[in-house]
Amino acid sequence: MKKIRLLTPGPTAIPESVLAKFAEPIIHHRTSLFEAEFRILQDHLKWLFQTKQLVLTLTCTGTGAMEASVAGLFSPGDSVIVVNGGKFGERWTKISKTYGLSVEEILLERGKSVGLQELENRILANPNVKAVLFQASETSTGALMPVKGIVDLCKRHGMLSVCDGITAVGILNLPMDEWGIDVLITGSQKALMLPPGLSFLAMSDRAWKAVEASRSPKYYFDLLRERKMQEKQQTAWTPGISLIHGGVESLGMLRKEGLSSLFERHEKLARCTRAAAEALGLELFSSSPSPVLTTVKVPSAFSVDQGKQIQKIMQEKYGVIITGGQDELQGKILRLSHFGYCDVFDVMTGIGALELALADLGYPVTLGSGTGAVLKAYRET
Ligand SMILES: *Cc1c(COP(=O)(O)O)cnc(C)c1O
């Protein structure tokens, strides 16, 4: 027998009580039964996003909501600034170009966060830019971005702030209304403890005005049509009914935990993971480590192939699935996720399997030094 444990940055583990919801009979969406359930989900989402705005539920993954916001907010020829700190920042650029936008890209060294002065200089040099598109936490590198600072700059210069919070909402504090974030997005398979298939998108009044003026082509992602329907607890198309059913349960669990406990739990798990990395002599990859996931460099004595082996051994021998680097970072970094349905014992499991895999590959590791550091950090904070 091998028990599989998922410690990846989406999909993430799903609580048993949520899984049980997927075994229940499906209902039809054009019914009062559905509307009553959808109303509860919408209310939970407003709480999670810390907003009075309607949070749209779209049946697509997070990338779909990113595309919906680009198609929804802009018209061909519009200019935007993209903060490209990794794979997901790059995705903003690709989507924007697909819709004929002119992209001013801030290309960051991998692992780095954006400097606010650098961003402001770019804004001042391009006064016609309509929006800044960025990630709250760049999942491919583990770098945390200065969300509030970015949003403040956008406000000061009359630009929209479009935040991919796909691995941030429900993990770190992003009070949408209080900070004035114009667009905030997340996806079901991240902190929301659901399978992939839904994404969630909220917009400020300013952003909705831009949506009303947009001339970009769209059909499935017609946000005005979606808003009109969802204001009546309906959706434009057949929604992921089962996922919505599960979402009422999983968001209910998060709400019971409460926002401040939720954020504290993730901070604490990040501290425990960083303590373990230090104890194992593994260097952090990002200079602005995110509370979402911890990226560490593969020890320099390892080749790229051996670097890939660590993850492979963890999975094939120990049943613990983590992620490594993508593209040019393959075999060079390991990404240890600690969000969603995750506690200190999940972190222990991940670090334990990492220690074993490192030892299997001949890396000098004192077994228990990493897991011990996790427990100590847990107790101390
Ligand atoms: C996972 C992720 C996405 C992409 O979401 P999909 O659901 O795979 O489409 C986008 N941005 C960030 C920051 C992510 O972590």
Side-chain angles (χ1 to χ4, degrees), residues 6-14 48-49 56-71 82-96 98 105-106 108 110-114 132-147 150 161-172 174 181 183-202 220-221 239-240 243 246-247 250 266 270 285-286 288-295 321-327 329 333-342:
L6 197 57
L7 294 173
T8 55
T12 57
I14 299 169
L48 187 69
F49 277 63
L56 295 180
T57 299
L58 303 175
T59 297
C60 59
T61 68
T63 307
M66 291 170 77
E67 176 157 356
S69 51
V70 170
V82 168
V83 177
N84 177 351
K87 203 117 185 105
F88 295 107
E90 183 184 285
R91 192 163 301 176
W92 274 134
T93 297
K94 288 184 176 166
I95 296 171
S96 300
T98 301
E105 194 173 65
I106 301 181
L108 301 173
R110 285 348 193 193
K112 295 273 184 294
S113 186
V114 69
V132 177
L133 280 51
F134 62 101
Q135 272 60 43
S137 172
E138 172 54 68
T139 319
S140 66
T141 67
L144 182 67
M145 301 294 166
V147 179
I150 296 174
S161 49
V162 182
C163 178
D164 166 0
I166 297 177
T167 46
V169 173
I171 303 170
L172 36 114
L174 296 176
I181 302 170
V183 179
L184 187 59
I185 296 169
T186 192
S188 56
Q189 82 276 28
K190 310 277 177 149
L192 280 68
M193 311 191 297
L194 287 169
L198 293 181
S199 61
F200 308 96
L201 166 67
Y220 186 78
F221 290 132
L243 294 170
S250 68
H266 287 107
F285 175 66
S286 176
S288 312
S290 164
V292 176
L293 77 172
T294 300
T295 47
I321 306 177
I322 64 159
T323 46
Q326 296 152 293
D327 301 338
L329 293 174
I333 61 168
L334 299 170
R335 294 183 295 154
L336 304 162
S337 257
H338 31 71
F339 67 88
Y341 187 45
C342 185

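Read the numbers this way: they start at 1 and go in the same order the structure lists the ligands and their atoms.
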Give a yes/no verdict on a cation-pi contact between Lys190 and Phe88, requiring under 6.0 Å between NZ or CZ and the six-membered ring centre and an angle within 45° of the axis. yes
Any Leu334 side-chain heavy atom under 4.5 Å of Ile322 side chain: yes
Within 4.0 Å of some non-hydrogen atom of Arg91, the atoms of ligand 1 are 4 (C)
The atoms of ligand 1 lying under 4.0 Å from a heavy atom of Thr63, numbered in the order shown, are 4 (C), 5 (O), 6 (P), 9 (O)
Please could you name the atoms of ligand 1 that Thr139 approaches to less than 4.0 Å, counting only its heavy atoms? 12 (C), 13 (C), 14 (C), 15 (O)
Any Ile106 side-chain heavy atom under 4.5 Å of Phe134 side chain: no
Determine, using heavy atoms of Gly165 and all atoms of ligand 1, whether some pair is separated by less than 4.0 Å. no
Within the 3.5 Å criterion, strictly below it, is a donor on Thr93 or Glu105 matched to an acceptor on the partner's side chain? yes
In this structure, atom 3 (C) of ligand 1 is nearest to the protein heavy atom Phe88 CE2, 3.3 Å
For Lys190, state whether at least one heavy atom is located under 4.0 Å from any atom of ligand 1. yes
Out of curiosity, Leu133 CG to Trp92 CH2, how far, rounded to the nearest 0.5 Å? 5.0 Å
Identify the residue among Ser288, Ser113, Ser290 that makes a side-chain hydrogen bond (donor to acceptor under 3.5 Å, both in side chains) with Ser137. Ser290
among protein heavy atoms, the one nearest atom 11 (N) of ligand 1 is Asp164 OD2, 2.6 Å
Test your reading of the model: is there a side-chain donor-acceptor pair from Ser199 to the backbone of Gly187, 3.5 Å cut-off? no
What protein heavy atom is closest to atom 7 (O) of ligand 1, reported as residue, atom name and distance in Å? Gln189 NE2, 2.7 Å
Which of the atoms of ligand 1 are close to Gly62, meaning less than 4.0 Å from one of its heavy atoms? 5 (O), 6 (P), 7 (O), 9 (O)
Would Thr139 and Thr167 satisfy side-chain hydrogen bond (donor to acceptor under 3.5 Å, both in side chains), going step by step from the backbone distance to the final call? CA-CA 7 Å; Thr139 319; Thr167 46; 2.8 Å; yes
Could you say whether the N/O atoms of Gly64 and ligand 1 ever approach to under 3.5 Å? no
Atoms in ligand 1 flagged as close to Ser137, the criterion being non-hydrogen separation under 4.0 Å: 13 (C)
